[in-house]
Amino acid sequence: MAAIFDGFKYQDHVLCSDGVSLEEVAEKVGTPCYVYVSDIISKTYQELDRSLESIPHIICYAVKANPNISVIRALGQLGAGADIVSGGELFRALEAEIPSDKIVFSGVGKTREEIDSAIRRKILCFNVESEQELLMIDLAAKSFKRVADVCLRINPDVDPKTHPYIATGLKKSKFGIPYKKALDLIRAALRLKNVNLIGLGCHIGSQITETKPFTDSLNRMLKLYDQCAKLKCEFSYIDMGGGLGISYHHEHPPTVETYTQGFIKELKDRKLTLILEPGRSLVGNAGVLLTRVLYGKRGETSNFIIVDAGMNDLIRPALYSAYHTILPARYKKYKKIKASVVGPCCESGDILTKERRIQNFQPGDLLSVMSCGAYGSSMSSHYNSRVKIAEVMIHHGKFHIIRERETYEDLISKERVPSFLKKAAAVPA
Ligand SMILES: *Cc1c(COP(=O)(O)O)cnc(C)c1O
């Protein structure tokens with residue numbers, strides 16, 4: 001009964017974190033619900049921040065991993081900036097009081113409205129992903145009589161050796177400026193009057209568990225820096241994106257120390273500020289999904305354990321065949337069976353695990369699906385007209401609801417019934 005995940009442990013057979021029992025949370029808040037532990041988030045952030053203390057750096061939390069404003073705020077209070085990919089995320093980051101000058105705006109499809117609002121807010125920089133976007137930002141900045149700071153996001157064509165859906169730095173990927181075209185675009189950017197090129201960036205993918213893809217892409221980026229120096233163009237920033245993996249099961253991602261040493265070694269003699277955009281590695285293992293077993297059932301060839309959380313709440317297993325460890329919130333001696341843990345959605349893909357040897361959980365048992373702090377709630381949907389579930393934050397022995405469970409009224413609140421579908425008024429004779 002050893003601690004399996006840092007920050008979660010069984011105390012008197014009950015799974016707890018920071019002095020709060022997950023059973024108690026489920027009883028008060030209902031299931032399913034997401035639970036995040038602020039102390040785990042802080043410790044993870046501070047470890048990364050400290051390991052970079054020998055070089056100038058800004059850690060811009062990738063909001064898309066978990067956009068709850070309390071999560072962003074918890075990181076912001078420790079000094080984090082934000083990496084955003086939409087106007088909605090800009091809104092959230094500002095609501096969470098992230099200083100504008102620590103916000104970087106990434107993404108291949110920024111609209112004019114989104115660009116305008118980011119210029120108005122004077123963010124740290126846009127991470128530009130194409131020539132047309134660069135021209136659009138120049139035009140937008142001109143209309144505000146301003147100069148917008150930009151980094152160019154380069155696609156270094158490095159294989160991150162991760163799931164193809166979350167690899168973003170390969171030649172065939174839609175992300176970034178092709179490495180071979182980078183110098184041309186840098187020259188073009190230098191000619192524009194309303195953009196100021198402050199650096200280069202890359203983000204090669206997510207859930208990366210080796211160091212080499214990071215150091216390879218850093219080396220490719222630095223090669224570009226050296227070529228730029230010949231153009232008499234000196235940058236202040238290098239953005240190495242996010243992507244550091246976490247351990248869901250048997251993965252062994254590099255330690256924070258190993259990960260950052262790779263950057264420090266190359267950057268310590270250069271006058272560059274390192275920007276990192278971690279998402280998953282900051283919050284992934286700081287959160288769990290609590291779900292209750294509804295039924296057990298024997299199919300002709302498989303066993304099923306049916307729980308109250310569906311793929312609309314956590315899509316990672318269905319989308320990426322992702323593995324999540326499932327622990328009982330109350331430790332008992334269970335018989336093991338081979339079973340699939342499935343949700344209530346009307347899709348065969350609605351699974352938490354497929355055919356895994358697992359405890360023979362019984363109806364009413366509370367389960368904790370581990371490593372759900374990143375890309376859990378943020379990828380949830382209303383599929384099957386299921387409401388978005390509550391989110392809770394544990395902080396020093398207490399828990400706080402940081403998002404209420406939606407109601408059925410919330411589900412339809414933006415829908416409008418046109419008059420022709422309303423009960424016909426009596427036609428006058
Ligand atoms: C998704 C994303 C990140 C965060 O990735 P993680 O794997 O969660 O660290 C960072 N930067 C950009 C541009 C992204 O799209």
Side-chain angles (χ1 to χ4, degrees), residues 43-62 75 78-81 83 102 104 106 124-125 127 151-162 166-170 175-177 179-180 182-183 186 197-231 233-247 251-282 284:
K43 286 200 177 114
T44 314
Y45 176 86
Q46 284 165 331
E47 188 189 0
L48 177 62
D49 194 31
R50 259 198 310 273
S51 79
L52 288 167
E53 74 193 351
S54 64
I55 56 169
H57 65 274
I58 305 177
I59 300 171
C60 292
Y61 166 58
L75 286 161
L78 300 169
D83 168 49
K102 286 189 192 169
V104 300
S106 306
L124 171 58
C125 69
N127 284 346
C151 280
L152 298 185
R153 174 167 172 187
I154 310 298
N155 180 336
D157 190 26
V158 164
D159 186 354
K161 305 210 170 63
T162 185
I166 48 178
T168 56
L170 285 165
F175 296 99
I177 292 149
Y179 192 78
K180 289 203 176 104
L183 274 180
I186 290 166
L197 192 54
I198 63 168
L200 302 178
C202 66
H203 169 72
I204 52 174
S206 200
Q207 185 51 18
I208 298 167
T209 52
E210 294 175 33
T211 318
K212 197 165 177 293
F214 292 115
T215 46
D216 284 357
S217 30
L218 177 64
N219 287 332
R220 300 210 80 188
M221 301 292 285
L222 290 176
K223 216 183 215 171
L224 271 181
Y225 274 79
D226 294 338
Q227 287 171 307
C228 290
K230 286 183 204 138
L231 299 176
C233 141
E234 289 221 22
F235 297 129
S236 346
Y237 293 92
I238 182 159
D239 183 342
M240 291 304 295
L244 178 62
I246 61 170
S247 180
E251 302 91 337
H252 293 288
T255 62
V256 165
E257 209 64 33
T258 312
Y259 167 69
T260 52
Q261 278 310 312
F263 297 142
I264 293 170
K265 207 169 81 203
E266 298 294 333
L267 294 176
K268 65 180 187 312
D269 299 323
R270 293 184 184 245
K271 285 196 200 71
L272 286 172
T273 297
L274 173 67
I275 299 175
L276 290 180
E277 304 168 351
R280 187 191 314 269
S281 60
L282 290 182

Undergrad: Keeping to residues at least two apart or across chains, list the ring-ring contact (aromatic ring centres under 6.0 Å, His included) pairs with something in residues 204-224.
TA: Phe214-Tyr259
Undergrad: Evaluate Leu224 against Gln227 for side-chain contact (heavy atoms from CB on, under 4.5 Å), listing each step before the verdict.
TA: CA-CA 5 Å; Leu224 271 181; Gln227 287 171 307; 3.6 Å; yes
Undergrad: Quick one: do Ser106 and Arg153 satisfy side chain to side chain donor-acceptor pair (under 3.5 Å)? Show the steps, please.
TA: CA-CA 8 Å; Ser106 306; Arg153 174 167 172 187; 5.5 Å; no
Undergrad: Looking at every heavy atom in both Tyr45 and Leu282, which two are closest together, and how far apart are they?
TA: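 So the two residues come closest at CA-CD2, 3.8 Å.
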Undergrad: What's the spacing between Phe235 CZ and Leu197 CG if we round to 0.5 Å?
TA: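 Here the interatomic distance stands at 4.0 Å.
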Undergrad: If only atom types and distance count, is the side chain of His203 paired as donor or acceptor with the main-chain N or O of Gly242 below 3.5 Å?
TA: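 Yes; judged by distance alone, with no hydrogens or angles, the pair exists.
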Undergrad: Write down the atom of Leu244, the atom of Pro254, and the distance for their closest heavy-atom approach.
TA: CD1-CG, 3.9 Å
Undergrad: Rounded to the nearest 0.5 Å, what's the gap from NE2 on His57 to CD1 on Ile264? Could you check?
TA: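 One gets 9.0 Å once the value is rounded to the nearest 0.5 Å.
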Undergrad: Is there a side-chain contact between Glu234 and Lys271 (heavy atoms, below 4.5 Å)?
TA: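 No, side chains not in contact.
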Undergrad: Of all the heavy-atom pairs spanning Val158 and Pro213, show the shortest one and how long it is.
TA: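 Closest heavy-atom pair between Val158 and Pro213: CG1-O, 3.6 Å.
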Undergrad: Going through the distances and angles, do Leu222 and Leu267 end up as a side-chain contact (heavy atoms from CB on, under 4.5 Å)?
TA: CA-CA 9 Å; Leu222 290 176; Leu267 294 176; 4.1 Å; yes
Undergrad: Within the supplied structure, the quantity of interest is the number of heavy atoms (other residues, nucleotides, ligands) at a distance under 6.0 Å from Gln46 CD; does it exceed 12?
TA: yes
Undergrad: For the atom pair CG (Asn127) and CG (Leu200), what is the distance rounded to the nearest 0.5 Å?
TA: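 It comes to 10.0 Å.
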Undergrad: Please check: side-chain N/O of Asp83 versus main-chain N/O of Cys60, any donor-acceptor pairing under 3.5 Å?
TA: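 No: the side chain of Asp83 does not pair with the backbone of Cys60.
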Undergrad: With side-chain contact (heavy atoms from CB on, under 4.5 Å) as the criterion, how do Ile238 and Leu218 come out once you've worked through the C-alpha distance, each side chain's angles and the decisive distance to 0.1 Å?
TA: CA-CA 9 Å; Ile238 182 159; Leu218 177 64; 3.7 Å; yes
Undergrad: About how many Å separate CG of Asp239 and CD1 of Ile154, when rounded to the nearest 0.5 Å?
TA: 11.0 Å
Undergrad: So which atom in Leu124 and which in Ile198 form the shortest heavy-atom distance, rounded to 0.1 Å?
TA: O-CD1, 3.9 Å
Undergrad: Go through the steps for Lys43 and Glu47 under the test side-chain contact (heavy atoms from CB on, under 4.5 Å), then give the verdict.
TA: CA-CA 6 Å; Lys43 286 200 177 114; Glu47 188 189 0; over 6 Å; no
Undergrad: Starting at OG1 of Thr211, measure out to CZ of Phe263 and round the result to the nearest 0.5 Å.
TA: 9.5 Å
Undergrad: Just verifying a value: how many Å separate Glu251 CD and Glu210 CD, rounded to the nearest 0.5 Å?
TA: 12.5 Å
Undergrad: Contact between Ile59 and Pro278 at the side-chain level, heavy atoms closer than 4.5 Å - yes or no?
TA: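 With C-beta onward as the side chain, the pair touches.
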Undergrad: Taking the side chain from Glu277 and the backbone from Met240, do they hold a donor-acceptor pair closer than 3.5 Å?
TA: no
Undergrad: Which heavy atom in Ser51 sits nearest to a heavy atom in Val256, and how many Å separate them?
TA: OG-CG1, 3.5 Å
Undergrad: If I compare all heavy atoms of Cys151 with all of Cys125, which pair ends up nearest, and what's the gap?
TA: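 Smallest interatomic distance, heavy atoms only, reads SG-SG, 3.8 Å.
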